[in-house]
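Working notes for the structure below.
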Protein chains: 2
Amino acid sequence: MDHHIKTLSPIKVGCANCNLKDLCMPMGLNLTDTERLNQVVTARKRIKRGKTLYRLGDKFNSIYAIRTGYFKTCVTTEDGRDQVTGFQMAGEMLGLDGVMSDEHSCTAVALEDAEVCVMPFEDIEQLSREIPSLQRHVHKILGGEIVRDQYVMLLLGSMRAEERLAAFLLNLVERLHARGFSQTELILRMTREEIGSYLGLKLETISRTFSKFAEEGIVDVNQRHIHILDAQALHQLVDHSNCKHALAA
Amino acid sequence: MDHHIKTLSPIKVGCANCNLKDLCMPMGLNLTDTERLNQVVTARKRIKRGKTLYRLGDKFNSIYAIRTGYFKTCVTTEDGRDQVTGFQMAGEMLGLDGVMSDEHSCTAVALEDAEVCVMPFEDIEQLSREIPSLQRHVHKILGGEIVRDQYVMLLLGSMRAEERLAAFLLNLVERLHARGFSQTELILRMTREEIGSYLGLKLETISRTFSKFAEEGIVDVNQRHIHILDAQALHQLVDHSNCKHALAA
DNA sequence: CGACACCTTGAAGAGGTTCAAGAAATGTGG
DNA sequence: CCACATTTCTTGAACCTCTTCAAGGTGTCG
């Protein structure tokens with residue numbers, strides 16, 4: 001296997017020895033299939049903070065696996081104003097929004113210097129016809145996006161500001177934890193305005209809600225450094241929102 | 001080809017002569033491939049109004065193409081209260097929410113007596129490994145769901161009540177028009193409460209907004225019978241929402 | 001015809017927004 | 001390395017949209 005990795009491409013770290021292989025595309029593949037997948041990764045791409053990986057309207061060619069860095073995806077209106085539709089971190093996929101119409105339906109912006117693996121979608125399709133477990137995984141990635149979006153709809157449709165921010169923080173630390181980071185401390189890569197856009201709130205509301213959480217001793221907030229002191233309280237906020245609506249119904 | 005249809009199943013109407021074939025799963029397939037797809041449709045299922053096709057937590061086995069009738073999908077909390085995540089009509093697919101975790105992440109309820117074609121997902125996967133254009137179509141269906149959900153997030157995250165209802169009505173008539181119905185008249189299959197849940201508003205707000213539209217001569221509202229008198233005005237409401245935000249930024 | 005679900009409308013109230021000003025952090029160029 | 005410009009964040013006060021609560025009306029189905 002090893003000689004393959006060396007001869008195939010100038011990329012030093014292949015899928016097989018990437019530390020994200022259990023979260024990313026090779027998830028569940030055996031060594032042989034992982035190597036075949038690795039051959040699809042034709043390039044790596046570095047994106048500076050603030051730059052875009054692709055823009056709304058761009059031709060869709062490839063999907064991207066994030067190796068390092070953070071992204072936001074947003075739907076930009078003609079005038080430059082945008083609605084954030086998601087935040088993505090290492091091991092997550094970008095670009096699937098383009099599958100439907102062969103052009104991207106949103107813009108992906110790096111929130112910090114980032115590196116992605118470029119996977120031409122036609123090659124992924126080809127390979128997934130040959131490797132059922134890869135096909136399954138592609139379907140799961142696409143389907144997972146649907147489930148995530150449903151949850152955001154529930155959040156936007158039925159939660160109040162505090163509940164939304166609590167759910168947001170819990171979701172972030174959970175994903176960070178899966179990547180080996182702390183369950184209680186995190187650094188936000190996005191501005192209050194971007195969080196607000198994602199949660200359907202104004203930046204002032206985000207700021208105020210953070211202050212409220214801090215007053216109540218639920219979190220410690222220092223700019224973008226967040227220390228979760230009482231995760232239980234956050235969970236109760238989110239869960240309680242369901243109960244409350246149930247009683248109201 | 002014809003003898004296949006007759007011998008294979010007791011189903012009288014196959015995909016090849018279904019009047020939804022250009023909107024539904026066989027879209028873009030040639031006759032031979034359409035017939036192979038038809039063999040995957042092992043059953044039809046009738047669902048009475050108010051009954052569920054599947055429930056949150058059910059094992060995921062199949063996806064469903066709607067032949068007749070309307071559905072809503074909703075995320076039900078333990079207490080029976082639910083957030084509507086979408087409305088589906090003839091030619092659209094249901095069940096994709098289960099692809100990710102092998103169990104359904106929402107509940108599909110018939111809003112009127114309905115009939116669906118049952119397609120075991122493993123068979124669809126098998127066939128799409130053999131027919132690239134079917135594979136592409138499965139990807140497009142999954143990807144299309146993502147794009148649609150993004151739009152709903154934009155709607156919930158940044159539009160006001162009037163804008164949301166305008167967008168909702170326009171989306172409905174557009175889909176109905178694609179199915180040969182009027183561009184100006186429609187009958188709502190769902191209650192004000194269900195519309196409200198979908199749009200992140202209360203049923204009273206929906207009712208009031210309908211009344212406001214009626215006062216302004218934009219639509220004619222008679223219970224669930226809606227006559228759109230000024231589609232232009234509705235479009236302006238939706239488009240204007242973007243402009244306004246752009247100016248505010 | 002009566003029971004039930006659904007819809008409409010009003011009035012009061014709450015949650016979030018808007019506008020505004022100032023403070024803190026970050027980045028830039030000399 | 002510091003001063004200045006810029007971006008980001010915080011907080012207050014007034015306002016507005018949507019919600020909540022309540023009552024009555026309309027339609028539908030057994």
Side-chain angles (χ1 to χ4, degrees), chain A residues 48-50 72 80-81 83-84 109 111-113 155-166 187-215 219-226 237 240-241 244-249, chain B residues 48-50 72 80-81 83-84 109 111-113 155-166 187-215 219-226 237 240-241 244-249:
Chain A
K48 282 276 172 200
R49 181 180 154 199
K72 70 170 176 183
R81 159 79 175 161
Q83 160 85 17
V84 175
V109 183
L111 294 176
E112 59 178 21
D113 294 0
L155 182 148
L156 291 172
S158 73
M159 291 190 189
R160 296 207 332 280
E162 288 176 43
E163 297 158 359
R164 293 185 197 188
L165 190 59
I187 296 176
L188 301 172
R189 259 51 202 213
M190 64 298 278
T191 67
R192 304 287 195 256
E193 185 169 21
E194 287 162 338
I195 298 173
S197 175
Y198 180 59
L199 298 179
L201 300 166
K202 294 294 154 190
L203 68 97
E204 294 94 330
T205 306
I206 302 298
S207 186
R208 272 185 250 272
T209 309
F210 267 132
S211 300
K212 182 145 187 274
F213 283 174
E215 269 174 37
V219 298
D220 208 42
V221 183
N222 273 69
Q223 292 296 121
R224 299 195 181 180
H225 298 250
I226 307 289
L237 264 174
H240 187 62
S241 79
K244 233 185 42 184
H245 289 135
L247 293 172
Chain B
K48 281 275 171 201
R49 180 179 157 202
K72 69 170 177 182
R81 160 77 176 163
Q83 159 83 19
V84 174
V109 183
L111 295 176
E112 59 179 19
D113 293 0
L155 181 147
L156 291 172
S158 73
M159 291 189 189
R160 299 209 329 281
E162 288 177 42
E163 297 159 0
R164 294 185 197 188
L165 190 59
I187 296 176
L188 301 172
R189 258 50 204 216
M190 64 296 279
T191 66
R192 305 289 195 255
E193 184 169 22
E194 286 162 339
I195 298 172
S197 174
Y198 180 60
L199 298 179
L201 300 166
K202 294 294 153 188
L203 69 97
E204 293 94 333
T205 305
I206 301 298
S207 185
R208 272 186 250 273
T209 308
F210 268 131
S211 299
K212 182 145 187 271
F213 284 174
E215 270 174 38
V219 299
D220 207 42
V221 183
N222 274 68
Q223 292 296 121
R224 300 197 179 177
H225 297 248
I226 308 289
L237 264 174
H240 186 62
S241 79
K244 233 184 44 182
H245 290 136
L247 293 173

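All chains are named by letter (A, B, ...) in the order of the sequence lines, taking the proteins before the strands, and each is independently numbered beginning at 1.
Within the 3.5 Å criterion, the main-chain N or O of A/E204 finds no donor-acceptor partner in the side chain of A/R192. With B/S197 contributing its side chain and B/E193 its backbone, the two residues share no donor-acceptor pair below 3.5 Å. Looking only at distances, a side-chain donor or acceptor of A/S211 sits under 3.5 Å from a matching main-chain atom of A/S207. The backbone N or O of B/L111 sits nowhere less than 3.5 Å from a side-chain atom of B/R189 that would complete a donor-acceptor pair.
Heavy atoms of B/G200 sit under 4.0 angstrom from primed sugar atoms or phosphate atoms, though from no base atom. At the heavy-atom level, A/R49 lies under 4.0 Å from the strands shown only through sugar-phosphate atoms. Contacts of B/G50 with the nucleic acid, taken as non-hydrogen atoms under 4.0 Å apart, are absent.
One finds no side-chain N or O of B/R224 lying less than 4.0 angstrom from the OP1 or OP2 phosphate oxygen of C/dA5.
In this structure, CZ in B/F210 is found 5.0 Å from CG in B/L188, a value given to the nearest 0.5 Å. Distance OG1/B/T191 to CD/B/E194: 3.5 Å, rounded to 0.5 Å.
The residue among B/I206 and A/E162 whose nearest nucleotide of DNA chain C is located toward the 5' end is B/I206.
Rounded to whole Å, the distance from NZ on A/K202 to P on C/dA20 is 16 Å. What separates CD of B/Q223 from P of D/dT26 is a distance of 10 Å, to the nearest Å. Protein atom CD of A/E194 is 13 Å distant from nucleotide atom C1' of D/dC9, rounded to whole Å. Whole-Å rounding puts the A/F213 CZ to D/dT10 C1' distance at 16 Å.
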Might you list the N or O atoms of the protein lying below 3.5 Å from N or O atoms in nucleotides 11-17 of chain D, with each pair's distance?
from, atom 1, to, atom 2, distance (Å)
D/dT11, OP2, A/S211, OG, 2.5
D/dG12, N7, A/R208, NH1, 2.9
D/dG12, O6, A/R208, NH2, 3.1
D/dA13, N6, A/R208, NH2, 3.4

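Between B/M190 and B/I195, the closest heavy-atom pair is CG-CG1, 3.4 Å. Summarising the geometry of A/G50 relative to A/V109, their closest heavy-atom pair is O-CG1, 3.7 Å, with the distance given to 0.1 Å.
Note that the two end axes of the helix from C/dC1-D/dG30 to C/dG30-D/dC1 enclose an angle of 50°, each drawn from 5 base pairs, rounded to 10 degrees.
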Are A/R49 and A/D113 close enough, and set up right, to give a salt bridge (charged side-chain N to carboxylate O under 4.0 Å, His left out), and what steps lead you there? CA-CA 5 Å; A/R49 181 180 154 199; A/D113 294 0; over 6 Å; no

